[in-house]
Amino acid sequence: MSAFAQRLLAWFDQHGRHDLPWQHPREAYRVWLAEIMLQQTQVATVIPYFTRFIARFPDIHALAAAPLDDVLALWSGLGYYARARNLHRCARQIVAQYGGTFPRTLEALMELPGIGRSTAGAILAQAFGQRTPILDGNVRRVLARYGAVPGWPGTPAVQKRLWQLAEALLPDERMADYTQAIMDLGATVCTARKPACVRCPVAPGCAALAQNAVAEYPHPRSKKKRPQRHARLLLIRNPQGQLLLERRAPLGIWGGLWCPPLLGELHLASGTWAQILLDTASRVRQLPPLRHAFTHFDLELRPLQIELDAMPELICEPGQQLWVSLSTLSHLGLPAPVRRLIEQSFSLGST
DNA sequence: AAGCCGGGGTT
DNA sequence: AACCCAGGCTT
């Protein structure tokens, strides 16, 4: 077994994280759910979501049987909603195709929606003890430094080298602990900024440290600036004080979530209808804009509060539009910034 | 190979 | 403000 793995495992016993909710019990369903939630999302953020999710959907059959809306509602605020849609599809596929038991090969797992090579590796290693590597953000950083691997890890050539290194360093046993250990090392010692090399168990073999160039690895991605976009957000209320929501298209930004009608960019199918409604409304007032940063563009939401004197005809497909009282908003899957904006807009004594 | 998908934390 | 985070999917 590699010296890297030996030192890492010894360090893990003393300094690793042993009390994460998905470690007890460390079974495939819980590992899978945690892995999906943890994609691009920090541990501290995930824990309360994971706990609520397990309470509501204790096993894969419960998840597969649930309507997508329930899953999205529990996911609301976690972001990357394609993960929730894939999670739901994946649960149904595992029940239909495998009777609810996770497959135990890399190829079969990677066929499933939302599971790539790293997540598949994590499930095999952590739930089944198989000798399969992972390569998430933590491991990328640890290995890029340990092997002094040059280049930005987003490129296929660098990815390939890192996967090879990850494979070469695997232990002969304790795969579940090892997988947790290398992530813990990245999260608590080999951090992106100010790595604590003096506390690092694998410092003796670290190539970047030997070059006194730990900060040079991994090489950062080239930066680009984000375009600015904007949209009208129509907070339409009927005479009963209920708010109009629409279901967004299943794919794309905020896919499948409930949201007040948008005009301009990110528009909805009912855009023309909403524009007419806006043009004929008598009680309209502007609310302060909200800026929201997406990965690849900045969005400014410009809310308009519209109070209707009579109920309008709804024009969408049945089930795609909804009048809700403000008190029931929390039960629906809304984008977090939109939810906050609504709560803010109507908490300040505005009728 | 590059773009698409959020939100919170850190510095 | 910029960067980072338990990535995967699509083109």
Side-chain angles (χ1 to χ4, degrees), chain A residues 17 20-23 30-50 72 75-87 89-90 109-123 125-126 133-142 151-160 162-163 166 176 179-188 190-195 215 218-227 248-257 266 290-299 301 333-340:
Chain A
R17 293 179 289 192
L20 297 170
W22 41 90
Q23 293 177 308
R30 298 164 63 93
V31 169
W32 165 65
L33 176 61
E35 282 301 321
I36 302 299
M37 287 185 164
L38 287 161
Q39 287 168 7
Q40 300 300 97
T41 311
Q42 294 179 9
V43 169
T45 305
V46 163
I47 287 176
Y49 282 88
F50 180 86
L72 287 172
W75 202 274
S76 177
L78 207 47
Y80 278 112
Y81 298 94
R83 292 184 297 172
R85 298 194 298 270
N86 285 334
L87 185 87
R89 274 205 300 146
C90 185
L109 283 172
M110 288 179 63
E111 288 291 315
L112 295 165
I115 300 182
R117 182 171 175 186
S118 189
T119 298
I123 294 170
Q126 297 203 286
I134 63 168
L135 192 61
D136 59 24
N138 283 318
V139 178
R140 259 199 304 278
R141 187 173 54 253
V142 169
W152 176 53
T155 67
V158 178
Q159 286 264 7
K160 186 178 177 187
L162 291 173
W163 275 112
T179 302
Q180 187 63 49
I182 194 168
M183 288 189 285
D184 287 357
L185 187 73
T188 65
C190 195
T191 48
R193 284 163 297 217
K194 295 186 181 180
H219 192 82
R221 66 176 303 155
S222 57
K223 52 181 161 185
K224 51 171 190 180
K225 61 172 150 188
R226 293 181 303 228
R248 292 184 55 81
L251 300 179
I253 289 183
W254 297 335
L257 271 67
L266 310 179
L290 172 84
R291 262 171 281 280
H292 180 66
F294 287 87
T295 311
H296 52 293
F297 64 93
D298 287 326
L299 177 68
L301 285 175
L334 273 72
V338 173
R339 184 196 303 281
R340 276 196 297 272

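Fair warning: this is a prediction, and the values are worked out from it, not measured in the lab.
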Problem set entry | Polar side-chain atom of A/S118 near backbone of A/L135 as donor-acceptor pair, under 3.5 Å | yes
Problem set entry | Nearest-Å distance for atom pair CD/P, residues A/Q23 and C/dA6 | 14 Å
For this session: Kindly state each residue pair satisfying side chain to side chain donor-acceptor pair (under 3.5 Å) with at least one member in residues 77-87 of chain A, sequence neighbours excluded.
Result: A/T41-A/R83, A/N86-A/R89
For this session: Examine distances only and state if a side-chain atom of A/Q23 and a backbone atom of A/R17 form a donor-acceptor pair shorter than 3.5 Å.
Result: yes
Exercise. Relative to the 5' end of DNA chain C, which residue comes earlier, A/L20 or A/G114, by the nucleotide with the nearest heavy atom?
Worked result: A/L20
For this session: Could you tell me whether A/P220 contacts a base, only the sugar-phosphate backbone, or nothing, with contacts defined as non-hydrogen atoms closer than 4.0 Å?
Result: nothing
For this session: For B/dG6 versus C/dC3, give the span between their C1' atoms, rounded off to a whole number of Å.
Result: 15 Å
Exercise. What's the CZ-P distance between A/F297 and B/dC5, to the nearest Å?
Worked result: 7 Å
Exercise. Looking for any heavy atom pair under 4.0 Å, which part of the strands does A/I115 touch: base, sugar-phosphate only, or nothing?
Worked result: sugar-phosphate
Exercise. Checking all strands, does A/Q126 fall into the base, sugar-phosphate, or nothing category for heavy-atom contacts under 4.0 angstrom?
Worked result: nothing
Problem set entry | d(CG, A/L109; C1', C/dG7) in whole Å | 15 Å
Problem set entry | Length of the line joining A/W75:CH2 and B/dC5:P, which is rounded to integer Å | 17 Å
Problem set entry | Parallel, tilted or perpendicular: ring planes of A/H292 versus A/F294, cut at 30 and 60 degrees | perpendicular
For this session: Quick one: label A/L112 by what it contacts on the DNA or RNA (base, sugar-phosphate, nothing), any heavy atom closer than 4.0 Å.
Result: sugar-phosphate
Under 3.5 Å, which N/O atoms of the protein pair with N/O atoms of nucleotides 7-11 of chain B?
residue: B/dG7; atom: OP1; partner: A/Y81; partner atom: OH; Å: 3.3
residue: B/dG7; atom: OP1; partner: A/A336; partner atom: N; Å: 3.2
residue: B/dG7; atom: OP2; partner: A/H292; partner atom: NE2; Å: 2.5
residue: B/dG8; atom: OP1; partner: A/R340; partner atom: NH1; Å: 3.4
residue: B/dG8; atom: OP2; partner: A/R340; partner atom: NH2; Å: 3.4
residue: B/dG8; atom: N2; partner: A/Q42; partner atom: NE2; Å: 2.9

Exercise. NA contact type, A/V43, heavy-atom cut-off 4.0 Å: base, sugar-phosphate, or nothing?
Worked result: base
For this session: Remember a base hit wins even if backbone is also touched, and classify A/A192 as base, sugar-phosphate or nothing at under 4.0 Å, heavy atoms.
Result: sugar-phosphate
For this session: Would you check if the side chain of A/S76 reaches a backbone N or O of A/L334 as a donor-acceptor pair within less than 3.5 Å?
Result: yes
Exercise. If you round to the nearest 0.5 Å, how far is CD1 of A/I47 from CG of A/L38?
Worked result: 8.5 Å
Seminar exercise, completed: Taken to the nearest whole Å, CD1/A/I253 to C1'/B/dG3 is 12 Å
Exercise. To the nearest angstrom, how far is A/M37 atom CE from C/dG8 atom P?
Worked result: 16 Å
For this session: Quickly work out the A/Y80 OH to C/dG7 P distance and round it to whole Å.
Result: 10 Å
Exercise. What nucleotide among B/dG6, C/dG7, C/dA6 has an atom nearest to a side-chain atom of A/N138?
Worked result: C/dA6
For this session: Tell me, please, which residues at least two apart from A/R340 pass salt bridge (charged side-chain N to carboxylate O under 4.0 Å, His left out).
Result: none
For this session: Side chain of A/N86 only, please: which of B/dC5, C/dC9, C/dA6 is the nearest?
Result: C/dC9
Exercise. Rounded to the Å, how far apart are A/M110 CE and C/dG7 C1'?
Worked result: 11 Å
Exercise. Given that A/Q39 and A/T155 both sit by DNA chain B, which one's nearest nucleotide is further toward the 5' end?
Worked result: A/T155
Exercise. If we take the P atom in both C/dA6 and B/dT11, what is their distance in whole Å?
Worked result: 14 Å
For this session: Drop me the distance from A/Q39's CD to A/D136's CG, to the nearest 0.5 angstrom.
Result: 10.0 Å
Exercise. Base, sugar-phosphate, or nothing for A/W22, non-hydrogen atoms under 4.0 angstrom?
Worked result: base
Problem set entry | side-chain N/O A/T119 vs C/dG8 OP1/OP2, d < 4.0 Å | yes
